[in-house]
Trainee: 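First, the structure itself, so that you have it in front of you.
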Amino acid sequence: MIDFRSDTVTRPSLAMREVMATAPVGDDVWGDDPTVQHLEALAAEMLGTESAIYASSGTQTNLLALMAHCQRGDEYIVGQNAHTYKYEGGGAAVLGSIQPQPISNEVDGSLALENILAAIKPDDIHFAKSRLLCLENTTGGKVLTLDYLEAATKLASEHGLFNHLDGARVFNAAIKQGVNVKEIAKHFDSISICLSKGLGAPVGSVLCGSKALITEAHRLRKMLGGGMRQAGIIAAAGIYVLENNIQRLQEDHDNASLLGQELNTIPQIEVDLENLHTNMVFLKNSEGDFNALSKFLEQRDILIDARYTARLVCHLDVSREDVLTTIAAIKEFYKS
Ligand SMILES: *Cc1c(COP(=O)(O)O)cnc(C)c1O
């Protein structure tokens, strides 16, 4: 199978399984797991924050951040298409009593500064307290510029808001921009990173931030049922991917770029090449439906995500050869 549905579908390599099998472990709820501590220290060091906490998923690290920054009844400003708002079951509202204030994403994935400003509520008994701005980078595979990050977070800070980055794929952004990830992270009070997306770990995310924030996140993680015992087994895979799989994201970007350019030559398909920055290729056609293509490809052992829009995601289990095979198959489909 060539699986383009998501960069979450990667399987742990033998080398990764080996470090998992031999990782020193302890009870992490008691603070006894050296591998989890190593991962947390490594992530904090890489992102340039004081501290970090390991959790089971990016949904959980985002929720920990939202709940650590906001009290019950506070409000967070977020993109209409953001993962935290749209794809996390409304967790911030359900579990944190935090009111989202969604605003439209621009075509480039950003939130317009004037819209952020207009969404920040004055201090008035009628309003919820605007507490946090949440950005996502990359978002739909698109990279937010460093100038934008600076301007948006500065605007939020000037109005007394904290800044959180859903950086599930922040390393893709850093690789694309050719900068150290710290240059992105430095604008935020907290950053959530996913180890289980393009980096290729089987499980896990890390929330990075100040000591005080992470201390609060520890309490919340336990409350949410996210305290794990000998978690070093899975944290070892996280260390492995941070040490080995960041630079290679460039290959995924190159593969996605080739895929996008080639598919865009097919008359029936349109690819927004201008917004193809990293590892995701989105297809458009006049029917707005790719079910027939998806079925055709499935018969050739190629899987794509045609649930919302047609999306092909490149990752470490998709080779250049797989990309060429897929281009040929899609061209064949549109010829017939
Ligand atoms: C995948 C993802 C997350 C977290 O997802 P989990 O599946 O809970 O790890 C958060 N934000 C974005 C943008 C994501 O793509």
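Numbers for residues simply follow the sequence, beginning at 1. First listed ligand is number 1; within each ligand, the first listed atom is number 1.
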Trainee: Enumerate donor-acceptor pairs with a distance under 3.5 Å from any side-chain N or O in residues 234-241 to protein atoms, sequence neighbours excluded.
Mentor:
none

Trainee: Using the rule given for side-chain hydrogen bond (donor to acceptor under 3.5 Å, both in side chains), can you reason through N172 versus H253, listing the C-alpha separation, both sets of side-chain angles and the distance that settles it, and then say yes or no?
Mentor: CA-CA 8 Å; N172 293 83; H253 298 177; 3.0 Å; yes

Trainee: Side-chain donor-acceptor contacts of residues 52-60 below 3.5 Å, not counting sequence neighbours, with atom names and distances?
Mentor:
{"from": "S57", "atom 1": "OG", "to": "T59", "atom 2": "N", "distance (Å)": "3.4"}
{"from": "S57", "atom 1": "OG", "to": "Q60", "atom 2": "N", "distance (Å)": "3.0"}

Trainee: Donor-acceptor pairs under 3.5 angstrom involving side-chain atoms of residues 134-141: please list them, not counting sequence neighbours.
Mentor:
{"from": "E136", "atom 1": "OE1", "to": "H83", "atom 2": "N", "distance (Å)": "2.7"}
{"from": "E136", "atom 1": "OE2", "to": "T139", "atom 2": "OG1", "distance (Å)": "3.2"}
{"from": "N137", "atom 1": "OD1", "to": "L144", "atom 2": "N", "distance (Å)": "3.0"}

Trainee: Side-chain contact, heavy-atom cut-off 4.5 Å: H38 with D33?
Mentor: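 A side-chain contact is absent here, since even the closest heavy-atom pair is not under 4.5 Å.
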
Trainee: Can you check whether L66 reaches L132 side chain to side chain, under 4.5 Å on heavy atoms?
Mentor: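 Sidechains of L132 and L66: in contact.
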
Trainee: Ligand 1: which residues have a non-hydrogen atom closer than 4.0 Å?
Mentor: S57, G58, T59, N62, H83, E88, E136, D166, A168, R169, C194, K197

